[in-house]
Amino acid sequence: MIQMFHVTKAFGNDPPTLMDINLDIQKGEFVFLTGPSGAGKTTLLKLVFLAERATRGQVLVSGRNVARLRESGIPYLRRNIGVVFQDFKLLPNRSVAENVGFALDVIGTPRELVRQKALKILKRVGLEHKANVLPPKLSGGEQQRVVIARALVNDPAILLADEPTGNLDPALTVEIMDLLCDVNARGTTVVVATHDASLIERYHKRTLRLERGTLVSEERGAKAALLMVQG
Amino acid sequence: MIQMFHVTKAFGNDPPTLMDINLDIQKGEFVFLTGPSGAGKTTLLKLVFLAERATRGQVLVSGRNVARLRESGIPYLRRNIGVVFQDFKLLPNRSVAENVGFALDVIGTPRELVRQKALKILKRVGLEHKANVLPPKLSGGEQQRVVIARALVNDPAILLADEPTGNLDPALTVEIMDLLCDVNARGTTVVVATHDASLIERYHKRTLRLERGTLVSEERGAKAALLMVQG
Amino acid sequence: MIAAKASYFARTALGGMWRDPFVHVIAIASLAIALVGFGLARIAGAQIDALVSALGGEVELTVYLKDGTPAEEVKKLEAALAQRTGGVARTVSPAEALGRLSEQLGPQGQALTELGANPLPWSVEVTLPPQLRDLASLQALAQTLRALTFVEAVDYGADALERLAALSKGLKLASVVAFAIVFLTTIVVVSATLQLAIYSRREEIEIQKLVGATNRFVRAPFLLEGMVQGLLSAVLATLALWALVTWAAPRAAGMLGFLALPKGSQLMSTRLMVELLLLGLAMGLSGSVVAVRRFLRV
Amino acid sequence: MIAAKASYFARTALGGMWRDPFVHVIAIASLAIALVGFGLARIAGAQIDALVSALGGEVELTVYLKDGTPAEEVKKLEAALAQRTGGVARTVSPAEALGRLSEQLGPQGQALTELGANPLPWSVEVTLPPQLRDLASLQALAQTLRALTFVEAVDYGADALERLAALSKGLKLASVVAFAIVFLTTIVVVSATLQLAIYSRREEIEIQKLVGATNRFVRAPFLLEGMVQGLLSAVLATLALWALVTWAAPRAAGMLGFLALPKGSQLMSTRLMVELLLLGLAMGLSGSVVAVRRFLRV
Ligand SMILES: Nc1ncnc2c1ncn2[C@@H]1O[C@H](COP(=O)(O)OP(=O)(O)OP(=O)(O)O)[C@@H](O)[C@H]1O
Ligand SMILES: Nc1ncnc2c1ncn2[C@@H]1O[C@H](COP(=O)(O)OP(=O)(O)OP(=O)(O)O)[C@@H](O)[C@H]1O
Ligand SMILES: [Mg+2]
Ligand SMILES: [Mg+2]
């Protein structure tokens, strides 16, 4: 589903943020992406939905080489990818339900259906009672769950979640992770960037570890978690 | 240093976010504030630096009742309080050093001294090499450390840190917590709102637990952490 | 799906104006100012035209006849002149001419009526039709008339006519220059304001694009907003112009009575309103097109 | 600490303009437009004044004397009139008057010179000084003169004078109205643009206040910015006016030659420049004051 061959990404003349990345994530897989702050996790995810373009190398999404995708093709790529942004990116002057429905409006879904689907997914993240509130009036964790709801609302083929539980308490973290596993079980390819060693230990999934722009290890569960804490 | 007596905070006609809060945090203390998402942690901190005003009850900071403080007195209160905002609040078009120096500019510190102090504190959070970069070009964890640096740059009497390690990897989390402890050891009263049970367990400090707007328990270390995970 | 999108665009455009009225009020205000400027220039232009042709209406050609021209020849000439020029010809007898002159001269003139013999000749006055009111045709006409048998002299106030032509040209030029200045500068301000309005929503555009919106999808509500702004400002401008004209016209007429200005209501033609509407739409739309293009590269 | 703050304000203000030139360019442009409008209105006003007093310079009073007034009485009257009005008096003989009249009448006039006797009386023409050029003083003066022994009639072109006064009043009013419209609307746009400029920086204001800035501290750089904007736009407006006047004046003079316009360079007085500068400063400053006040409640 997501493949990278010798991918390098450099911003301006700085030393490259990502160097010679090779990876292959299968359709329907659930993968953790970890590594210290500034290692390049967010940048790697951005290459997949073309918020950034690779400086060198090939990025294949669903078998298509997105490095060659024209500007006008980007929207259609993005419609198949749900993204939980690390910095949320919620519109402060639209209600929670409208923010969640945004991804559906874009593909021309009728209004009632948009609201219906938005409310359904908000219920799954435990926020149906906040549907008509503006985001600045939500707590940090509530905002984070709105972003997760928005990423899931149009049943994307790929879900990229960047630090989706950074503002959630342990109980909610488990709930949200269970939701992501559930979505994954129904066929969505899921990539979760996280710092949380306990998640990696508990869910025992394939874990890619980035360090200063290169993939340094690939383990599962406790072993991966141990590497993190030692890191 | 921070005292609350029967404090209630309600937004509009919603059910109160905080109800009948009573607490007393001594000068030089280090306190964790925990509780599920939406419990009211951020709101409680906001009452201290008057980003919100209590609906009922008394809030005393350094012995002064801030509930009665006039609008024009607020800036002087805030200069003694460093705040790590959960949503960062960095200016996207000012360099990291300028963002950090902001709190010093405000009190009329000469330019060279501002830059000098900003660089010194940036070094302590491991970001001296990013001093001249704009915040949108930083990773999530880097931005979070900039906010911590800004909160600490003018040696505040009180430090309120709202989820200061949500975007940091375990190694950096330890570094930053050690920094906060160090600041605390030099006399600053520190309040850290967090979801991270491992922090609470490891640092063994007094831990206030909020649930749906009320303080439900006050424990330390492992016991408090256990309550969280059960939560 | 198309219906859903159209409804979404309409809701977004109106919602955007409702949610953030501030920037839209500014955009509408500056558009309306540009349109009022345009309307004033149009009205002033029309007034200058009317004034010039009214003054031109006084252009007369006087043919002085030789002493002793027979009365029937005078009549013939009158008829011939009327036919030839397509204007109105009128014979003035020496007595009438002397009466006018003495009246014109005031105190000095009294002396004239005391003269024994009337020294003034017969003459024919021709009020010329519009197409002959320019200097060139007048000169040509005078040339031919001078060659006629009984004609002593031909007079057509060349001086006054030249001045009038110069004045009209000057006024037209001044109004064109003033209009061009007002228009260009307001176009700059309007497009800048619209850009600022969109600039203040660049976050929204960025997020739309991140969740898979095409450029066209992002653009549509802004263009719709631009059109709505254009329409609203045209309505505003029409009202403002109407108020201005209703208030100012009678006052101006009172002051400059001798220029015979039309009534206020006549100044605001339906045609002008339609022009304002179309111009408003075009400016609103093109302003948004330019502005959106600048901020769509996210 | 005060020096540090002042330096911080200066850096912030200039830095803000440098970092986000877009909104500032708009603010400066609209301020400059308002100032150009002001300058044009001032120049036009001065021109109207000059025109009116130039035309007023032609205001003459003619005293017609009775037939048979002795020559020494005529001389005496001339001297008395000159002294009394403070103007210039000049005696016109019947012969001179007839010559002028025949010249004035053109072809018709030739007949007059063929008359045996000159029917015109002696007269004294008085060119009046500015303070006597209004209708009321003229009427009073004529009244007293009419009572004198040898005076037959007094003429002072009441009609022309009334028209002139009406025209000047009308032009003044029109220029005041036009100026008021331009000025008010641009004031609205300018203050709105400045508000928009600050609106786009409300995040910055919020953060400043959260880290302990007083309202005054937040406000200072914006006020400084407003002043710098005002100054820059005044300079721009002066240049634009200068270019306009240099370009337009000779063309207007060519077209309206008979009105004798002054040269372009004379139109831009130092005083006008100072006025533009002060007005720009005041508008920039007050615009920011209003705008900052609106967005300081964070
Ligand atoms: N637009 C940009 N321009 C310049 N440098 C950038 C840009 N975006 C990211 N970087 C740099 O690239 C490095 C990796 O950033 P990235 O956001 O991928 O890290 P991350 O692994 O997501 O870290 P975190 O866990 O803190 O979110 C950082 O040092 C950052 O400063
Ligand atoms: N300005 C506001 N207007 C209305 N409701 C608000 C406002 N601010 C906060 N709330 C509500 O108050 C409740 C508590 O919010 P608060 O931000 O204090 O939670 P928190 O404990 O910090 O949660 P988290 O861990 O998710 O950050 C939330 O349900 C939130 O929706
Ligand atoms: Mg990241
Ligand atoms: Mg919070």
Side-chain angles (χ1 to χ4, degrees), chain A residues 45-46 48-52 70-95 98-115 117-118 134-136 146-147 149-158 160 162, chain C residues 1-27 194 196-225 228-229 289-298:
Chain A
L45 295 181
K46 281 183 177 170
V48 176
F49 64 97
L50 284 188
E52 298 285 356
R70 281 187 312 149
E71 202 70 24
S72 58
I74 296 179
Y76 305 98
L77 169 73
R78 288 185 182 160
R79 288 175 192 183
N80 293 316
I81 306 180
V83 184
V84 178
F85 299 95
Q86 191 172 12
D87 53 354
F88 301 173
K89 296 200 187 294
L90 292 172
L91 284 172
N93 54 2
R94 304 282 179 105
S95 76
E98 284 176 318
N99 266 286
V100 171
F102 227 47
L104 293 173
D105 288 326
V106 154
I107 51 173
T109 312
R111 192 180 179 186
E112 304 72 38
L113 197 60
V114 170
R115 181 145 181 104
K117 284 195 175 186
L134 298 179
V146 175
V147 184
R150 183 180 62 190
L152 291 175
V153 74
N154 62 347
D155 292 320
I158 300 177
L160 307 176
D162 198 353
Chain C
M1 191 167 129
I2 287 174
K5 274 193 187 168
S7 131
Y8 176 80
F9 292 151
R11 274 181 291 130
T12 308
L14 296 179
M17 300 180 73
W18 173 254
R19 216 173 290 116
D20 197 359
F22 183 55
V23 288
H24 295 95
V25 164
I26 295 172
L194 286 174
L196 208 51
I198 295 184
Y199 179 70
S200 77
R201 280 160 73 183
R202 58 199 184 287
E203 203 188 352
E204 187 172 340
I205 296 179
E206 186 201 342
I207 296 175
Q208 280 187 317
K209 294 200 74 178
L210 283 175
V211 299
T214 56
N215 279 350
R216 206 183 293 187
F217 185 90
V218 172
R219 219 180 275 139
F222 285 108
L223 300 191
L224 213 69
E225 266 183 37
V228 172
Q229 286 174 358
V289 168
V290 172
V292 162
R293 185 164 299 161
R294 264 204 62 176
F295 287 108
L296 219 57
R297 311 252 153 271
V298 259

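No experiment lies behind these values; they were computed from the predicted model shown. A, B, ... follow the sequence lines: proteins, then strands. Residue 1 opens every chain.
When the candidates A/Asn80, A/Ile81, A/Asp105 are compared by the number of heavy-atom contacts under 4.5 Å with chain C, A/Asp105 comes out ahead. For the set A/Ser72, A/Pro75, A/Ala151, the entry with the most heavy-atom pairs within less than 4.5 Å of chain C is A/Pro75.
Under the salt bridge (Lys or Arg N to Asp or Glu O under 4.0 Å) criterion, A/Arg115 pairs with no residue at all, not counting sequence neighbours. In this structure, A/Asp155 has no salt bridge (Lys or Arg N to Asp or Glu O under 4.0 Å) partners at least two apart in sequence or on a different chain.
Neither the backbone nor the side chain of A/Leu113 comes within contact range of chain C, judged by heavy atoms closer than 4.5 Å. For A/Pro92, the part sitting under 4.5 Å from any heavy atom of chain C is the side chain, from C-beta outward, and nothing else. In this structure, chain C has a heavy atom under 4.5 Å from the side chain of A/Phe49, while its backbone stays farther away.
Listed for the A/Asp162 side chain is no donor-acceptor partner under 3.5 Å among the backbone atoms of A/Val83. Counting only distance, with no hydrogens or angles, the side chain of A/Asn154 and the backbone of A/Leu104 share no donor-acceptor pair below 3.5 Å.
Taking the side chain as every heavy atom from C-beta outward, A/Phe102 and A/Val114 never approach each other to under 4.5 Å.
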